[in-house]
Amino acid sequence: MEDERSFSDICGGRLALQRRYYSPSCREFCLSCPRLSLRSLTAVTCAVWLAAYGLFTLCENSMILSAAIFITLLGLLGYLHFVKIDQETLLIIDSLGIQMTSSYASGKESTTFIEMSKVKDVVINEAIYMQKVIYYLCILLKDPVEPHGISQVVPVFQVIFSTLLNAKTALEL
């Protein structure tokens, strides 16, 4: 059985949540965000190149233009490979554990598996960003030393945090 719903993120971007039920003990949740916006890519590239051209007219050194092109390409590749998440999948198997997979815009995939015996609880956490309260899903892991303690808080969907990073970068420009 499959179910799909649309939501919006903190910046108003569209997020699609797909729920798949394979059996009563196996469920999968897939959160997809829109692909890289050509408008934002063009705006950032133009801003960097216009600043480089302004420096070029003052210094008359062609090395500045070459450096701007090089920095733009490296920045774009770094953004696509480490920051921009296209899709996140949460696979829950009741007796085994939780698998979280992040697919980046460059094609890189990152998978994390958490055994069910290490999970203490799943909670909805809140964070304050500027003047907004953001709620996100977290997994609390048991502390192996102290039975009632929590060793780590693992946020489930990283798309929320990459959206905050994109909003912060846009505000700084």
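Values below: all heavy atoms of this structure, side chains included; hydrogens, waters and symmetry mates excluded.
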> Are V133 and L137 connected in a single hydrophobic cluster, I mean Ile/Leu/Val/Met/Phe/Trp/Tyr linked by side-chain heavy atoms less than 4.5 Å apart?
Replying inline: yes
>> For I114 and L141: C-alpha separation, side-chain torsions, deciding distance, then whether side-chain contact (heavy atoms from CB on, under 4.5 Å) applies.
In response: CA-CA 9 Å; I114 302 171; L141 300 181; 3.5 Å; yes
> Taking atom OG of S106 and atom NE2 of H81, what is their separation to the nearest 0.5 Å?
Replying inline: 5.0 Å
> Going from CE on M100 to CD1 on I92, what distance comes out if it is rounded to the nearest 0.5 angstrom?
Replying inline: 10.5 Å
> Does a donor on one side chain sit under 3.5 Å from an acceptor on the other, for E28 and Y22?
Replying inline: yes
> Can you find a pair of side-chain heavy atoms, one from F82 and one from K108, that are under 4.5 Å apart?
Replying inline: yes
> How far does NZ of K118 sit from CD1 of I98, to the nearest 0.5 angstrom?
Replying inline: 12.5 Å
>> Set out, in order, the CA-CA distance, both residues' side-chain angles and the distance that settles side-chain contact (heavy atoms from CB on, under 4.5 Å) for S40 and V44, then state yes or no.
In response: CA-CA 6 Å; S40 63; V44 170; 5.5 Å; no
> Of the non-hydrogen atoms in F113 and L96, which two are nearest, and what is the gap between them?
Replying inline: CZ-O, 3.8 Å
>> One pair to check against side-chain contact (heavy atoms from CB on, under 4.5 Å): M116 and S95. What are the steps and the verdict?
In response: CA-CA 7 Å; M116 201 54 83; S95 61; over 6 Å; no
> Step by step, would you call R20 with D3 a salt bridge (charged side-chain N to carboxylate O under 4.0 Å, His left out)?
Replying inline: CA-CA 7 Å; R20 297 182 189 110; D3 179 25; over 6 Å; no
> For P155 and C138, which heavy atoms make the closest approach, and how far apart are they?
Replying inline: CA-SG, 3.9 Å
> Do NZ/NE/NH1/NH2 and the carboxylate oxygens of K120 and D143 come within less than 4.0 Å?
Replying inline: no
> Are V122 and L17 grouped together when hydrophobic residues (ILVMFWY) are joined by side-chain heavy atoms under 4.5 angstrom apart?
Replying inline: yes
> What is the distance from atom CD of E4 to atom CD of E2, rounded to the nearest 0.5 Å?
Replying inline: 7.0 Å
> Do E109 and T101 come close enough that some side-chain heavy atom pair is under 4.5 Å?
Replying inline: yes
>> Test: side-chain hydrogen bond (donor to acceptor under 3.5 Å, both in side chains). Region: residues 51-70. Which pairs qualify, not counting sequence neighbours?
In response: none
>> Using 0.5 Å steps for rounding, measure from the CZ atom of F29 to the OH atom of Y21.
In response: 5.0 Å
> CG of L58: more than 12 outside heavy atoms within 6.0 angstrom?
Replying inline: yes
>> Minimum heavy-atom separation for L15 and C33, please, with both atom names.
In response: CD2-CB, 3.5 Å
> So among L74, L73, T72, which one has a side chain to side chain contact (heavy atoms under 4.5 Å, CB included) with F70?
Replying inline: L74
>> Test side-chain contact (heavy atoms from CB on, under 4.5 Å) on R5 and R19; report intermediate values, then the result.
In response: CA-CA 9 Å; R5 296 178 68 183; R19 297 183 291 182; 4.0 Å; yes
>> For a quick test of reading the model, state the closest non-hydrogen atom pair linking D86 to A105 and the distance between them.
In response: OD2-CA, 3.3 Å
>> Please check: side-chain N/O of S102 versus main-chain N/O of E88, any donor-acceptor pairing under 3.5 Å?
In response: no
> What distance do I71 atom CD1 and I64 atom CD1 have between them, rounded to the nearest 0.5 Å?
Replying inline: 10.5 Å
>> Please determine whether residues I93 and V154 belong to a single hydrophobic cluster, defined as Ile, Leu, Val, Met, Phe, Trp and Tyr linked transitively by side-chain heavy-atom distances below 4.5 Å.
In response: no
>> Minimum heavy-atom separation for E126 and Y136, please, with both atom names.
In response: C-CE2, 4.2 Å
> Are I124 and L140 connected in a single hydrophobic cluster, I mean Ile/Leu/Val/Met/Phe/Trp/Tyr linked by side-chain heavy atoms less than 4.5 Å apart?
Replying inline: no
> Is there a path of hydrophobic side-chain contacts, each under 4.5 Å between heavy atoms of I, L, V, M, F, W or Y residues, that connects I139 with L91?
Replying inline: no
> For V119 and K142, which heavy atoms make the closest approach, and how far apart are they?
Replying inline: O-CE, 3.4 Å
